[in-house]
Amino acid sequence: MTMDKSFDAKAAEARISAEWEAQGAFAAGANASRRETFTVMIPPPNVTGSLHIGHAFNNTLQDILVRWHRMRGFDTLWQPGQDHAGIATQMVVERRMAERQEPNRREIGREAFLEKVWAWKQESGDTIINQLKRLGASCDWSRNAFTMSGAPGAPAGEEGNFHDAVIRVFVELYDKGIIYRGKRLVNWDPHFETAISDLEVENREVPGHMWHFKYPLAGGETYEYVERDADGNVTLRETRDYISIATTRPETMLGDGAVAVHPGDARYAPIVGKLCEIPVGPKEHRRLIPIITDDYPDPDFGSGAVKITGAHDFNDYGVAMRNGIPLYALMDGKARMREDGLPYAESAEIATRAARGEDVGDVSNVNLVPDELRGLDRLEARKRVIEAITAEGLAVTRLHKEIDPETGAEHLERRPLVDQKPIMQPFGDRSGVVIEPMLTDQWFVDTARIVQPALDAVREGRTEILPEQHRKVYFNWLENIEPWTISRQLWWGHQIPVWYGLDLGIENFTDDEGDGALDEVELFRLLADGIVHTGERQHCAAHFDDVRKRFRDDIAGLPQPLEVSRIVEVADREAAIDMLAQSWADYNLSQDPTHLLYPVWRDPDVLDTWFSSGLWPIGTLGWPENTEELRKYFPTDVLVTGFDIIFFWVARMMMMQLAVVGDVPFRTVYVHGLVRDEKGAKMSKSKGNVIDPLVLIDDFGADALRMTLASMAAMGRDPKLGPRHVEGFRNFVTKIWNATRFAEMNGVRGGGPRPEPAHTVNRWIIGEVARIRIATDEALAAYRFNDAAAGLYAFVWGKVCDWYVEFAKPLFDGSHAGETRATMGWVLDQCYLMLHPIMPFVTEELWRLTGDRTKMLVHGDWPAYGAELIDAAADREINWVIALIEGVRSARAQMGVPAGAKLDLVVTEADVAARSALAANAPLIERLARVNAPVDGRAGKGMIAVAAQGASFALPIGEVIDVAAETARLQKALARSEKDAEGLRKRLGNPKFTENAEAEVIEETRDKLAALEDDIARLNAALAQLAAM
RNA sequence: GGGCGGUUAGCUCAGCUGGUAGAGCGCUUCGUUUACACCGAAGAUGUCGGGGGUUCGAAUCCCUCACCGCCCA
């Protein structure tokens, strides 16, 4: 059989993948020969995702670790899976429905829509899984998990426990009060009309404007406004009847609740506590707001006075909360100016009362958007507000000078002051639209209550974060953690297991007769004024039956006959009110209490996808069931991930696992960099510099891509990747392929035991194999993938191919042929074994081609030998031979000797060691240096000199040599050696060095110097001879 | 504004706990010698960002400045 000239990656990869899978090679525990487990949880890619270079990098590193452990006999589990990606998936499915001109989701309803999502998932949801398989990822695919598995409505094949785990955790944390519902300012995505967490917001600097407006003091009051420079000298003094406010968002002025200044700001001290007027809205209803003090305003920024719109800005929200300023919401879910709530006049009146300090209660119904602005987009509203204020003369203006180009006349004009300046604006990372801070009811995790164990675990080293610099990032975020908004106004996701019922207000119920029963009059009174405005009761449980029980307890205290009402589930609050009215009306007619219903409805929101992926380590192992896998593989060993999701995912998994099962989710977190393009730029679709890993696999093979990525995975650095790099490693694949091909042509077979050869060359290479095995294990154990890859590359190419294979060629004809075949077979086997974690396909193929194997290489036994295989004498001898060959080659090339010419090798001087090395390896030297058998002699005319440790040689290269050129060559070498030697002598001559340095270092330095001096002597001798001729 | 990282050969980057610079690509010259031209041989190129300090010795540790990048506010 003759092997092909190169590895056909495309054909082999598919075949080998199929074989691995058919054999269950990646199953948990496959090839296990010891008790220790090794578990890796894949960072679950989005179900909508397709493989990008970041995935390729991330999964290559995981696969290297996993294959390495599996080969070492660990009971290994690499758990794969996907997350359900709430927003992204809903977006994909909605877009597809629109493309097909189907009715939209609101038209078909929640249930039908979810069916479509599941259908989409079953059709296209495993794209990335198949792509990961192409990369060679050795996950236990039979265990592929999904964060929505087991959810109500999940089709066959999507059974699983993840839903149970998510709901169970929600209920537990709810019961402990760690999860709560509240009205708070959240990031609102007006495109998807949902809340998002602050991590899903991208702050970008965009060109913006800063307007300056005058808020007139109430009742025409005035004050002395004084500005001073740093030394306290007055630079401006004027009487003002207004306070100047700078804003980038004039439309929010409508919702202002106060103007705040810094308590230490002397300029405004005279007017603190007074009222001023918001310069917008109908004249007759102009609102007044108080001027308050707070630490938030920066006296040096703008005018130093800040308008406070608590419902539309996070900083303002804080000020409003601290100072009891009402929060007036101005926008709806689409970020348009509100149309609901009370009429403007009434709203303004309530707000004015509030400004005077009256308690006006809940202001969610107060709509301070003037009629003419209601329903407008926020930007249109902004335009109108600016126009109105400017028209009224309340914009701060500045004198503007213009010179008429024709007449040269100066023209002075006052113009509104508008600064052009970059502002930071929040964008939704999925939708790309400007995020609006919005006051809404949301569910939160009180992260402050579960953060401590996550901090302690890393501080105490129970979980190690590598590289270490990321610990700081982790601590910094967790130490300043904010409540986590976990509700999303979406349909695709785990629906919050909380039901609401109308609070029938037992305390407000008036029992006219005092008979404990409800008569018709009382009942209708309840219905008429109570229920629409009444509050709600809520219960949380994993199953509706449990919820039903609790509501039953709730209504048990109601007057009869209401307490026997049947509890039924309806869509929402409105449906509940309708049904309640209907059922009471029925009862009135029939007087049949079985017609009484108590409707409850479920919270429509779903949980943040990250809430479910936060449970990934336990959820994938079967929790809340106490499964064998959970007992065996948890806590997991390593999490390999990018730094971009330390907050999103790593920190949250730490908190959640510790909160739920009381243990860390993983012992080590290895954080890798972000793959960039060749120039170091972030890859992005808009820049068009995205590299598709599948294209690279098509072009160069998965092994080449993996080897490239591994070689770039220096800890803490971002790999910069271009096709050129991959090409280089494709060449490496070909190189080892051809070395094998050569071996095969010479009758070498693998699969044999480690030989104990006699020939120095064979003894030497076995020692080199041992060295690389030690180095590779050390590198992998320290997550230095680049060192492992570079080391193996240099070993295979630089040692095995460049030297060992070349040395072996003449040996195949001699008395050592047998042991050389055995040695080469064994050496190549070791190469396949050690390269397999990084380059699984080509090595598996070579393994198959080169021997009769009992197991596939994926289950090969990782070598364990060490330094005991290094033969120091063989090492010394072969290195001497290599140095000699290099010396001869270099001299030949520099002196222009034709490459094909075979020269005599004259030994002019040689010590015992050199002589024996020469004798033992003469055929190798002759062949590789292209010289004839060495003969003793003297240097003479037409010869060039070559020095080796303990020996000098002369090479006759022809009748006449260029003496000048040869002198120059030797002098150059001499100069280099002299320079090095000089440095070493200086160092050794320094008594402080010999006193302070380690003995080992001193010894090393002496040896180096001795070798250099030997060199120098030989070069000088050669130069002297040259001069004598 | 706070924090982190980077600045090493023409390019992209290694260089772990200080012992005096390496790889790949590219470049130059040569080469069809029984695996490989996706190859082989030889070669050139570096005040290791600037300045200061610690040390017998600094690309490596400390301080400082400059520029670039990232994260958070």
Side-chain angles (χ1 to χ4, degrees), chain A residues 2-3 5-7 198-199 203 298 314-315 424 467 469-473 475-477 480 643-644 646-647 673-674 676-682 700-701 704 708 711-722 724-725 727-746 748 778-779 782 784 786-787 789-791 793-794 797-798 801-802 805-806 808-810 812-813 885-886 888-902 927-930 979-980 983-984 986-998 1000-1002 1004-1005 1008:
Chain A
T2 315
M3 287 169 63
K5 275 199 116 180
S6 62
F7 175 56
D198 47 3
L199 289 176
N203 289 298
D298 175 359
F314 285 99
N315 289 315
M424 288 304 279
Q469 70 230 31
H470 288 291
R471 283 161 56 98
K472 282 191 187 172
V473 180
F475 287 140
N476 194 294
W477 190 66
N480 299 295
F643 57 80
D644 47 336
I646 290 184
F647 309 133
L674 185 82
R676 298 168 178 279
D677 75 4
E678 240 165 329
K679 292 175 196 127
K682 221 172 180 168
F700 304 113
T708 311
S711 74
M712 291 176 164
M715 215 190 280
R717 297 292 296 255
D718 289 342
K720 297 187 180 95
L721 179 75
R724 291 183 314 140
H725 300 121
E727 194 183 339
F729 287 99
R730 187 272 321 267
N731 296 350
F732 176 67
V733 170
T734 307
K735 187 75 184 176
I736 188 170
W737 179 270
N738 275 294
T740 302
R741 183 162 170 266
F742 165 79
E744 196 257 342
M745 287 163 71
N746 285 281
V748 172
E778 270 176 9
R784 292 208 302 264
N786 59 319
D787 285 351
Y793 182 98
W797 200 312
C801 294
D802 285 349
V805 167
E806 293 303 327
K809 282 175 182 173
F812 283 136
D813 298 328
I885 292 168
E886 282 178 338
V888 173
R889 281 174 173 174
S890 179
R892 291 172 56 122
Q894 286 181 58
M895 295 307 291
V897 177
K902 216 165 182 195
R927 184 188 167 82
L928 296 181
R930 292 200 70 73
K979 194 185 149 218
D980 289 352
L984 295 177
K986 224 170 102 186
R987 206 191 311 171
L988 285 162
N990 186 339
K992 286 189 177 168
F993 172 69
T994 41
E995 280 160 29
N996 294 321
E998 289 168 51
E1000 220 175 277
V1001 174
I1002 297 171
E1004 219 172 89
T1005 312
K1008 264 191 226 165

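By convention in this document, chain letters (A, B, ...) are assigned in the order of the sequence lines, proteins followed by strands, and residues within each chain are numbered from 1.
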Answer whether the closest heavy-atom distance between the side chains of Thr1005(A) and Phe993(A) falls below 4.5 Å.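 Heavy-atom side-chain distance check passes, below 4.5 Å.
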
Can you confirm whether Phe812(A) sits close enough to Val748(A) that some side-chain heavy atom of one is under 4.5 Å from a side-chain heavy atom of the other? yes

Do the side-chain N and O atoms of Gln894(A) and Ser890(A) include a donor-acceptor pair separated by under 3.5 angstrom?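 Yes, a side-chain donor-acceptor pair sits under 3.5 Å.
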
Its dot-bracket string being built from Watson-Crick and G-U pairs below 3.5 Å, with | for another strand and [ ] for crossing, RNA chain B has the pattern (((((((..((((.....[..)))).(((((.......))))).....(((((..]....)))))))))))).

Whole-angstrom distance between [N] and [M], as gauged at atom [atom1]:
N      : M      : atom1 : result
G24(B) : C39(B) : P     : 12 Å
G52(B) : U45(B) : P     : 27 Å
U7(B)  : U60(B) : C1'   : 15 Å
G26(B) : U64(B) : C1'   : 37 Å
G22(B) : U34(B) : P     : 34 Å
C63(B) : C4(B)  : P     : 11 Å
A41(B) : C36(B) : P     : 15 Å
C62(B) : A14(B) : C1'   : 24 Å

Given G43(B), is OP1 or OP2 found less than 4.0 Å from the side-chain N or O atoms of Ser890(A)?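 Yes, because at least one side-chain N or O of Ser890(A) sits under 4.0 Å from OP1 or OP2 of G43(B).
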
Under 4.0 angstrom between Lys735(A) side-chain N/O and G40(B) OP1 or OP2: yes

Quickly work out the [X] [atom1] to [N] [atom2] distance and round it to whole Å.
X         : N      : atom1 : atom2 : answer
Ile885(A) : A41(B) : CD1   : P     : 11 Å
Asn786(A) : G22(B) : CG    : C1'   : 13 Å
Gln469(A) : G2(B)  : CD    : C1'   : 17 Å
Met712(A) : C11(B) : CE    : P     : 16 Å
Phe732(A) : A37(B) : CZ    : C1'   : 18 Å
Glu727(A) : A37(B) : CD    : P     : 15 Å
Ile736(A) : C39(B) : CD1   : P     : 15 Å
Asn738(A) : C39(B) : CG    : P     : 10 Å

Given that Asp787(A) and Asp813(A) both sit by RNA chain B, which one's nearest nucleotide is further toward the 5' end? Asp787(A)

5'-most contact on RNA chain B: Arg889(A) or Lys1008(A), nearest heavy atom basis? Lys1008(A)

Atom [atom1] in [X], atom [atom2] in [Y]: separation rounded to 0.5 Å?
X          : Y         : atom1 : atom2 : result
Asn738(A)  : Glu744(A) : CG    : CD    : 11.5 Å
Arg784(A)  : Glu778(A) : CZ    : CD    : 7.5 Å
Met712(A)  : Leu721(A) : CE    : CG    : 5.0 Å
His470(A)  : Met715(A) : NE2   : CE    : 10.0 Å
Lys1008(A) : Leu988(A) : NZ    : CG    : 10.0 Å
Lys809(A)  : Leu928(A) : NZ    : CG    : 8.5 Å

Taking only the side-chain heavy atoms of Arg784(A) (C-beta and beyond), determine which of C16(B), A35(B), C38(B) contains the nearest atom.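 Closest nucleotide to the Arg784(A) side chain: C16(B).
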
Testing C38(B), A14(B), A41(B) for proximity to the side chain of Asp802(A), the answer is A41(B)

For Lys992(A), enumerate each residue passing the side-chain contact (heavy atoms from CB on, under 4.5 Å) test, keeping only those at least two apart in sequence or located in another chain. Asn990(A), Asn996(A)

Under-3.5 Å N/O pairs linking protein and nucleotides 44-48 of chain B:
from: A44(B); atom 1: OP1; to: Lys972(A); atom 2: NZ; distance (Å): 3.0

Compare every heavy atom of [Y] with every heavy atom of [X], then report the nearest pair and how far apart it is.
X         : Y         : value
Arg927(A) : Glu806(A) : NE-O, 4.2 Å
Leu674(A) : Phe643(A) : N-CE2, 3.9 Å
Thr734(A) : Ser6(A)   : CG2-CB, 4.2 Å
Phe729(A) : Ala704(A) : CB-O, 3.7 Å
Met3(A)   : Arg741(A) : O-NE, 3.2 Å
Cys801(A) : Lys735(A) : CB-CE, 3.5 Å

I'd like a table of atom pairs between the protein and nucleotides 54-64 of chain B - only N or O on both sides, under 3.5 Å - with the distance next to each one.
from: C56(B); atom 1: O2'; to: Asn990(A); atom 2: ND2; distance (Å): 2.7

Just checking [X]: base, sugar-phosphate only, or nothing, at a heavy-atom cut-off of under 4.0 Å?
X         : value
Lys986(A) : nothing
Lys5(A)   : sugar-phosphate
Lys472(A) : sugar-phosphate
Arg741(A) : sugar-phosphate
Ala739(A) : base

Sort me out a list of protein N/O and nucleotides 69-72 of chain B N/O pairs below 3.5 Å, or just none if empty.
none

Which residue in the set Phe7(A), Phe732(A), Phe742(A) passes ring-ring contact (aromatic ring centres under 6.0 Å, His included) when paired with Trp737(A)? Phe7(A)

Distances for protein N or O near nucleotides 25-33 of chain B N or O, under 3.5 Å:
from: C25(B); atom 1: O2'; to: Arg724(A); atom 2: NH1; distance (Å): 2.8

